[in-house]
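The block underneath contains the structure these notes are about, expressed in structure tokens.
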Amino acid sequence: MTQVKAALLGATGAVGQRYINMLGKHPTIKLEILMGGESAGKKYGEAVHWLFPEAIPEEYAKAMVKTADPESAKGCDIVFSALPTEVARDIEEKFARAGFTVVSEASAHRMDEDVPLMIPEVNAEHLKLLEKQGKKRGWKGKIATTPNCTVTGLAMVLKPLIDAHGAKKAIVTTMQALSGAGYPGVPSLAIADNVIPYIKNEEEKVAKEARKILGTLSDGTIKPHDIPMGVTCNRVAVMDGHTETLYAEFGEEVEPQKIVKTLAGFRSEPQKLKLPTAPEWPIVVRSENDRPQPRLDRMAGSVPGMAVTVGRVRSGIDKKAIQLTLLSHNTIRGAAGTAILTAELMDREGYTG
Ligand SMILES: NC(=O)c1ccc[n+]([C@@H]2O[C@H](COP(=O)([O-])OP(=O)(O)OC[C@H]3O[C@@H](n4cnc5c(N)ncnc54)[C@H](OP(=O)(O)O)[C@@H]3O)[C@@H](O)[C@H]2O)c1
């Protein structure tokens, strides 16, 4: 792969920091430009409220945060966006019009019909949407998106359950970490000693985005998957790592052991292409009764934090149903990691620059 020069919108945020953490030693992507809102014009190390125990890499600590403007990213092949949704639509489109390839975490463009919503293990072929996007919009560049942090782990588990066993219905309950709400996020007095059984707009997003990602591409458009989904989202006092329980129904009887084998053996395009951020095995299945747990399993995978951990695989109310618990790191697999993996796939397939 060629050396890709990258810029980052929203560099000071919870997800932006994760990019800095992950791209510091990336073999092919070099993060060169940091952009922000209120922090523009300041040194990154002075502007950021750094959330990791390890120090900010020196070259970034000293870097000047630039304004979120295409001129700031001149010379870069790719622009990662970790902007809040409210400002993302306009700013990302400005970059796409100016000729940049944008990979965005924000929800602004996720459901646009000509914008791919990517999890490279699940829907690598959806990148083909980009072939028509520029012409239709009159952009020299393009926008690809990655899903809501809760969707990523879920869609990665549903994909093999649908393909290999014909899963027909999914009922999901989530226990979502605090970092999923950005910094400073949920007030401490609201969440300490508590569970909040509501996250605004989240349940609708989980079902809609999962169906688009699991959908099929035909004649240049995506037909969303029709799997019915019931979703309940909760915020819990965990720092990182979204836990979800999944109740899946099938058209015929399924053996829990066969489901375990299917999930543990799941591999896809990023593994075949040996992309640098692809975990060797995207789903890790644990056999212990008390796993997965956020503290123990959120960094699972040969690329830490990029594997989804599944446990407690067992039958449901009859043998046509399966229950399981899954866990994925929300700012790695659910955000920066999947966006970086998408950029690696785009680069390999000639969509960057
Ligand atoms: N947290 C997660 O687990 C997660 C997972 C998946 C997707 N996402 C999505 O990723 C995006 C970022 O989330 P986050 O949790 O990192 O948010 P965050 O902590 O609130 O950070 C927001 C970032 O955006 C910048 N920003 C705000 N307004 C701006 C403007 N007008 N122009 C330029 N930059 C501006 C801020 O820069 P300044 O500090 O300089 O103002 C900051 O760097 C959101 O769309 C979120 O929905 C988050």
Side-chain angles (χ1 to χ4, degrees), residues 8-22 34 36-40 42-57 60-61 65 81-88 105-107 146-154 172-206 231-245 290-300 304-305 308-309 325-339:
L8 174 61
L9 287 159
T12 53
V15 174
Q17 294 181 39
R18 185 58 77 180
Y19 277 100
I20 289 179
N21 190 263
M22 290 189 78
L34 308 181
E38 285 176 14
S39 54
K42 297 180 190 152
K43 277 195 183 145
Y44 184 76
E46 288 160 14
V48 71
H49 180 92
W50 187 248
L51 298 168
F52 297 114
E54 57 272 29
I56 307 171
Y60 297 118
V65 180
S81 167
L83 289 173
T85 290
E86 314 79 76
V87 300
E105 306 286 341
S107 64
T146 57
N148 173 287
C149 43
T150 317
V151 175
T152 314
L154 176 64
V172 187
T173 299
T174 73
M175 288 149 273
Q176 298 180 216
L178 295 171
S179 60
Y183 188 85
V186 188
S188 56
L189 286 182
I191 194 66
D193 186 30
N194 213 1
V195 171
I196 299 175
Y198 176 67
I199 303 174
K200 198 174 169 202
N201 297 331
E202 193 83 347
E203 290 159 1
E204 300 80 343
K205 265 192 227 167
V206 171
V231 185
T232 305
C233 294
N234 303 284
R235 184 76 67 196
V236 297
V238 164
M239 283 296 289
D240 292 312
H242 290 353
T243 306
E244 306 175 34
T245 59
D290 60 354
R291 302 287 279 272
Q293 296 180 23
R295 243 174 29 203
L296 302 181
D297 297 306
R298 59 192 161 208
M299 296 307 277
V308 179
T309 306
T325 301
L326 67 98
L327 171 88
S328 65
H329 196 301
N330 53 296
T331 63
I332 301 180
R333 185 75 243 198
T338 291

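Here the side chains of Ile332 and Met22 are in contact, with some heavy-atom distance below 4.5 Å. Counting heavy atoms from C-beta on, the side chains of Thr152 and Thr146 never come closer than 4.5 Å. Lys205 is not listed as a side-chain neighbour of Val231, based on a closest heavy-atom distance of 4.5 Å or more. With a 4.5 Å cut-off on side-chain heavy atoms, Thr245 and Met175 count as touching. Residues Asn234 and Ile196 form no side-chain contact, since every pair of their non-hydrogen atoms from C-beta on lies 4.5 Å or further apart. Side-chain contact between Thr243 and Thr325 is present, with at least one heavy-atom pair separated by less than 4.5 Å. Proximity of Leu327 to Pro294: side-chain heavy atoms (C-beta onward) are separated by under 4.5 Å at one or more points. Residues Arg235 and Tyr198 form no side-chain contact, since every pair of their non-hydrogen atoms from C-beta on lies 4.5 Å or further apart.
Minimum interatomic distance between Ile56 and Val48 (heavy atoms only, all atoms of both residues): CD1-CG1, 3.7 Å. A pairwise comparison of heavy atoms in Gly153 and Val308 identifies CA-CG2, 3.9 Å as the closest pair. Here the closest non-hydrogen pair linking Ser328 and Cys149 is OG-O, 4.4 Å. The minimum heavy-atom distance linking Ala339 with Glu105 is given by the pair CB-OE2, 3.3 Å. Taking each heavy atom of Val65 and Gly36 in turn, the nearest pair found is CG1-N, 3.4 Å. Pairing each heavy atom of Ser179 with each of Thr331, the nearest pair is OG-CG2, 4.0 Å.
With rounding to the nearest 0.5 angstrom, the CZ atom of Arg295 is 12.5 Å from the CE atom of Met239. Between the CG atom in Leu83 and the CG atom in Leu9 there is a gap of 4.5 Å [rounded to 0.5 Å]. To the nearest 0.5 Å, atom OH of residue Tyr60 and atom CG of residue Leu8 are 9.0 Å apart. From Glu202, atom CD reaches atom CG of Asn148 across 4.0 Å, with rounding to the nearest 0.5 Å. The OG1 atom of Thr12 sits 9.0 Å away from the NZ atom of Lys42 when rounded to the nearest 0.5 Å.
Listed for the His242 side chain is a donor-acceptor partner under 3.5 Å among the backbone atoms of Ala177. Without hydrogens or angle criteria, Tyr44 side chain to Ala11 main chain gives a donor-acceptor distance under 3.5 Å. A donor-acceptor contact shorter than 3.5 Å links the side chain of Glu203 to the backbone of Cys233. Under the 3.5 Å distance criterion, the side-chain polar atoms of Asn330 are left unmatched by any main-chain donor or acceptor of Asp240. With hydrogens and angles ignored, the 3.5 Å screen pairs no side-chain donor or acceptor of Asn21 with any backbone N or O of Gln17.
A search for side-chain hydrogen bond (donor to acceptor under 3.5 Å, both in side chains) contacts involving Thr174 returns Gln176, not counting sequence neighbours. Applying the side-chain hydrogen bond (donor to acceptor under 3.5 Å, both in side chains) test to Thr173 and every residue at least two apart in sequence or in another chain returns nothing. Under the side-chain hydrogen bond (donor to acceptor under 3.5 Å, both in side chains) criterion, Ser107 pairs with Thr85, sequence neighbours left out.
Summarising the local packing, CD of Glu54 is surrounded by more than 12 heavy atoms from other residues, nucleotides or ligands at distances under 6.0 Å.
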(message) Please evaluate residues Leu34 and Ile20 with respect to the criterion side chain to side chain contact (heavy atoms under 4.5 Å, CB included), reporting the C-alpha separation (whole Å), side-chain torsions for both, the decisive distance (0.1 Å), and the verdict.
(response) CA-CA 9 Å; Leu34 308 181; Ile20 289 179; 4.0 Å; yes
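Judged by distance alone, the side chains of Arg291 and Thr309 never bring a donor and an acceptor atom under 3.5 Å apart.
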